[in-house]
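Only one structure is covered here, and it is reproduced in the block below.
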Amino acid sequence: HELRTPLHAVIGVTSLLLETELDGQQRDYAEIIRTSGESLLALISDILDFSKIEAGKFEVARRPCTAESLVEQCLDILAGRAAEKGIDLAGCVESVAAVEFWGDDARIRQIVVNLLANAVKFTEAGGVLLDVRLLRPKRGADGEISCAEIAFTVADTGVGIPAERFERLFQPFSQGDASITRRYGGTGLGLAISKRLATMMGGAITAESTP
């Protein structure tokens, strides 16, 4: 709270300031404050999450979730950013995957939003697709699905990653290319956190790409 609350105030008040009458130069300065504040807040959140995971203090919940709701929420969060870049952002849920399941919707959303944000960040033309499918379903005596894997797949038409850099992808404070931080920003923590969260929930995360 000591870190996040003041930053929320900076971002919130700057947003209010941007709704007032400002000249061009003042608006540019206020936009820089808000953007920098949001970047710093994201960095702090990543570091705090990673620290809690490392200390074994991070807990996952179990409550009813639906893939349709999660997809809708994730796309809503990234829609503005994709529109600013002029790229397509879409989601698709396979009909048999439109089931209620038990899981931590907040943590699943955190992982998917991170993957979508990366896809949007590294895609300059084309689009990003979030696809949800049911894998290896097992049915009970009543014919209803009793166990299955739900696969959330994010595909994009971005720059791609060479095979030799794949091993860095899920390492903390590491990115696929040393120049990425300078060009696109980021700490290299997002994918490391996503992998830890997926593992904690009994799942896994993998990547495929070509430059």
Side-chain angles (χ1 to χ4, degrees), residues 1-55 57-61 63 65-91 104-130 152 154 156 158 172-173 175 179-194 196-197:
H1 290 298
E2 288 80 359
L3 293 168
R4 285 181 170 134
T5 301
L7 267 176
H8 278 300
V10 169
I11 295 167
V13 174
T14 305
S15 296
L16 291 174
L17 178 63
L18 284 164
E19 294 176 6
T20 65
E21 292 186 11
L22 301 171
D23 63 35
Q25 188 178 51
Q26 290 171 329
R27 185 164 298 279
D28 288 344
Y29 290 162
E31 285 283 5
I32 291 171
I33 294 171
R34 182 170 66 176
T35 302
S36 299
E38 290 171 346
S39 297
L40 187 55
L41 182 61
L43 169 62
I44 289 172
S45 295
D46 279 351
I47 291 173
L48 291 176
D49 281 351
F50 189 75
S51 298
K52 283 191 287 184
I53 292 171
E54 288 286 280
K57 302 294 185 181
F58 207 99
E59 298 181 357
V60 294
R63 47 183 168 257
C65 309
T66 65
E68 292 168 297
S69 175
L70 283 165
V71 167
E72 184 177 348
Q73 293 168 23
C74 293
L75 294 181
D76 284 346
I77 292 171
L78 275 302
R81 206 175 304 175
E84 287 176 4
K85 297 189 71 174
I87 61 175
D88 295 326
L89 178 64
D104 192 329
D105 54 343
R107 297 308 167 197
I108 297 172
R109 184 168 56 247
Q110 181 177 351
I111 294 171
V112 176
V113 166
N114 182 268
L115 298 179
L116 284 173
N118 277 345
V120 170
K121 181 193 295 186
F122 296 113
T123 300
E124 300 301 329
V128 176
L129 173 66
L130 171 58
F152 290 78
V154 176
D156 65 71
F173 302 104
Q175 292 183 322
S179 66
I180 290 297
T181 300
R182 291 192 296 274
R183 182 176 176 185
Y184 293 100
T187 62
L189 271 178
L191 289 178
I193 292 171
S194 294
R196 302 286 181 94
L197 290 177

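From a predicted model like this one, the values you see are computed outputs, not experimental measurements. Position 1 is the first residue of the sequence; numbering continues from there.
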Heavy-atom side-chain contact between [X] and [Y] under 4.5 Å:
{"X": "N114", "Y": "I193", "value": "no"}
{"X": "V128", "Y": "D88", "value": "no"}
{"X": "F152", "Y": "I108", "value": "yes"}
{"X": "L116", "Y": "I77", "value": "no"}
{"X": "V71", "Y": "L75", "value": "yes"}
{"X": "L191", "Y": "L115", "value": "yes"}
{"X": "L41", "Y": "E38", "value": "no"}

Enter the distance from [X]:[atom1] to [Y]:[atom2] here, rounded to the nearest 0.5 Å.
{"X": "L16", "Y": "T20", "atom1": "CG", "atom2": "OG1", "value": "9.0 Å"}
{"X": "E59", "Y": "I53", "atom1": "CD", "atom2": "CD1", "value": "12.5 Å"}
{"X": "L7", "Y": "S36", "atom1": "CG", "atom2": "OG", "value": "10.5 Å"}

Residue list, side chain to side chain donor-acceptor pair (under 3.5 Å) with D104, at least two apart or on another chain | R63
What are the two closest heavy atoms between [X] and [Y], and how far apart are they?
{"X": "G127", "Y": "I87", "result": "CA-CB, 4.4 Å"}
{"X": "C65", "Y": "L70", "result": "CB-CD1, 4.5 Å"}
{"X": "C74", "Y": "V113", "result": "SG-CG2, 3.8 Å"}
{"X": "T14", "Y": "A30", "result": "CG2-O, 3.1 Å"}

Donor-acceptor under 3.5 Å (T35 side chain, I32 main chain) | no
Check: V120 main-chain N/O paired with K85 side-chain donor or acceptor under 3.5 Å | yes
What do the steps show when you test L129 against D156 for side-chain contact (heavy atoms from CB on, under 4.5 Å), and what is the final call?
-> CA-CA 6 Å; L129 173 66; D156 65 71; over 6 Å; no
Atom CD of Q73 with >12 non-hydrogen neighbours under 6.0 angstrom |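 Result for CD/Q73: enclosed.
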Kindly state each residue pair satisfying salt bridge (Lys or Arg N to Asp or Glu O under 4.0 Å) with at least one member in residues 19-31, sequence neighbours excluded.
-> E31-R34
